[in-house]
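To start, the structure itself, in C-alpha cells.
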Amino acid sequence: MTTATSLLLFGATGDLSRRMLIPSLFGLHNDGLLHPDLRIIGTARSQLTVAAFRAMALAALEAAVEAERRPADSVAAFLDRLAYVPLDATLADGFAALAAEVGDPDRLAIFLSTAPSLFGPTIAGLAGAGLASSGARLALEKPLGHDLASSRAINDAVAAAYPESQIFRIDHYLGKETVQNLLALRFGNVLFEPLWNATGISSVQISVGETVGLEGRADYYDGMGALRDMVQNHMLQLLALVAMEPPARIDPAAVRDEKVKVLRSLRPITGRQVETSTVRGQYSTGAIAGQPVPGYLDELGRASDTETFVAIKAHVDNWRWKGVPFYLRTGKRMPERVSEIIVQFRAVPHSMFGDAALAANKLIISIQPDENVGLTMMAKVPGLDQGGLKLRAVPLDIGLPGAFADVRRRIAYERLLLDLVEGRQTLFVRRDEVEAQWTWIDEIRAGWTTAGTTVKPYAAGNWGPAAAIALTERDGVSWHD
Ligand code: BG6
C-alpha cells in the first residue's frame, strides 16, 4: 500500500483529537516519520478558520508534549501541515469542500472519531464526494455500537463504501508496546510455548484497574458500563493474544485469523451461569491514595445500575486450554492504575524437597504503568540447611524501559496512526473479531437480565466487591494484587 498524503481527521476539535491524535501526529512529525507531503485536514462542526484550528492544535501540543520535545521550528512546520474544513456531516453538500481540500483520494487516510449517530451520514457523504476510492483507508474509533446488532449495522454501513481491506478498526490497546511484546515473548522465545497450554498452565488472570471515575463522560459511560467499555474490546483482545495459536507470519490475515478462532472458542456464559461466572460492581464513596472520592451515583447525579467493575471467569473451549480458567477483572476507582496479565504455571509434579513449600512459577506481564515482564522462580535460601533445604520464590524481572533505555516510549496512537497512514492492518481489529466479541458479551448481558443481577457496591479504592474475591478463591486461586 502507498503512504497517504492526506489525513482527514473527523472530530478534530474533540477530546481524543486534542489529547492523543494531535500530540501523536506531532511526535511522528518531529521524528521525521511522516511523509513530507502529508497534510492533516481537520474537520468538525465548529466554524473554525484554519488559523483557529492551528491555534487549538498548538494549545493541545503545549498541554501534552514536554517543552524540550517540541522545538519551535518543528512545531511551526507541523502546524503548516494542518488545514481545517467545517462540516455538518448530516448535510451531504459539505463533503465537496472536503474533497477539494483532500487532493488525491487514492492517497487518503481517514480517521473517524465522531458520535456513532454520525457514522452513517459521514460514510455516505464521503462516498458521495468520491472519497471512498480503492486507495482510501478508513480508521474507526470506538464506540462501534453497543451490542452485536448495532455493531453490525455500523459495519454494514461502512462496508457499503469501503471493503474490509481498507478498514482500520481501532483498539488502542493493540498500539501499546507491551501488548505487542506479548507476541515477541510467546513466539520469539523457545522457552514458553511448550508449556503454554493446559498441561503447563493452571490459570490466567487479566486485570485492568483504573483510579479514575467518570471523567466527565457520564452520558457515554452510564450507557455502556465496564463490560462493554473495557471487556468487549481491550480485555478480549488481550485474552486472544495470550490464548491464540502461533500465527505463521506477522501479517494481518495470519494474526487476525488466529485471534478470531480464540474469540469464537470462548465458552458462552448464558442464563443463570452469570451468577457463578461474573460479578458486577459499582463504586461508592471511598478514598484513593488517601484522597476522598465521591461514589458513582454522586458523580452521575441520578440512580443507575451501570457496573463500574466487572469480574468474569471465562474459558476458551479448545484443545490447548481445556479446563484452564481465564479470570478477567476491570474497574474504575480501583486502588491503582495497573494493567497486567498473570500466567500461573502448574506446580512441579513431584517435590524432592520434603516439606519445603514450593510455589509454582508465575509469569507477570505488566502493561502499565510499568512495562515489565517478571517470572517468579524457586531458589534456595542461602544457609547451612541443617533442618532441610529451604526454597523461596524470587523474581526474574525484565524492566523493559531499562532494557531499552535508549529508545523513546511511544503512546499507542503514534503507532496506530503511522500504521494507518502507511497502510499496515495487523494491529487493527477485523469485523469477524468484533462480532465474535459482541456475541460473547451480549450473552452475558442477556444473562444478567434473566438472572436479575444488580450491581454490588464497593468502596472506591478497593479491588471491587467481595464477590470478586470469592470468584477466584472458590477455585483456590487469588487475584494478584
Ligand atoms: C477506553 C475506555 O477505551 O480505555 C476508557 O473507554 C478507559 O473508559 C480507557 O479509561 C483506558 O485506556 P488506557 O490506555 O488508559 O488504559
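We count ligands from 1, going down the list as the structure has it; atoms in each ligand are counted the same way.
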Worksheet entry | salt bridge (charged side-chain N to carboxylate O under 4.0 Å, His left out) contacts touching residues 456-469 (sequence neighbours left out) | none
Fill in: Min N/O separation N233 to ligand 1 under 3.5 Å
no
Worksheet item: Can you list every salt bridge (charged side-chain N to carboxylate O under 4.0 Å, His left out) pair that touches residues 52-68, not counting sequence neighbours?
Response: R54-D80, E66-R69
Item to complete: Would you check whether D229 has a nitrogen or oxygen atom less than 3.5 angstrom from a nitrogen or oxygen atom of ligand 1?
Response: yes
Discussion item. With heavy-atom distances below 4.0 Å as the criterion, list the atoms of ligand 1 near K332.
Written reply: 5 (C), 7 (C), 8 (O), 10 (O)
Practice prompt. Kindly say whether D147 contributes a backbone atom to a donor-acceptor pair with the side chain of D442 at under 3.5 angstrom?
Written response: no
Worksheet item: When only distance counts, is E215 in polar contact with ligand 1, meaning an N/O pair under 3.5 Å?
Response: no
Discussion item. Please check this pair: side chain of T472 against backbone of V477, looking for a donor-acceptor N/O pair closer than 3.5 Å.
Written reply: yes
Fill in: Nearest non-hydrogen partners of K313 and I269, listed with the distance
O-CD1, 3.6 Å
Fill in: Atoms of ligand 1, numbered as shown, that sit under 4.0 Å from any heavy atom of H234
1 (C), 3 (O), 4 (O)
Discussion item. So, 4.0 Å and heavy atoms of R337: is ligand 1 close enough to count as a contact?
Written reply: yes
Discussion item. Only heavy atoms of R217, strictly under 4.0 Å: list the atoms of ligand 1 that pass.
Written reply: 2 (C), 5 (C), 6 (O), 8 (O)
Worksheet item: Under the 3.5 angstrom rule, does the side chain of R329 hit a backbone N or O of V310 as a donor-acceptor pair?
Response: no
Worksheet item: Taking the non-hydrogen atoms of Y173, is any one of them nearer than 4.0 angstrom to ligand 1?
Response: yes
Worksheet item: Would R333 count as a cation-pi partner of Y283, with NZ or CZ less than 6.0 Å from the six-membered ring centre and within 45° of the ring normal?
Response: yes
Worksheet item: So which protein heavy atom does atom 12 (O) of ligand 1 come closest to, and at what separation?
Response: H172 NE2, 3.1 Å
Discussion item. Only heavy atoms of K142, strictly under 4.0 Å: list the atoms of ligand 1 that pass.
Written reply: 1 (C), 2 (C), 3 (O), 6 (O)
Fill in: Whether Q205 side chain and H480 backbone form a donor-acceptor pair below 3.5 Å
yes
Response to the item:
Nearest non-hydrogen contact to atom 10 (O) of ligand 1 from the set E210, K176, M224 belongs to E210
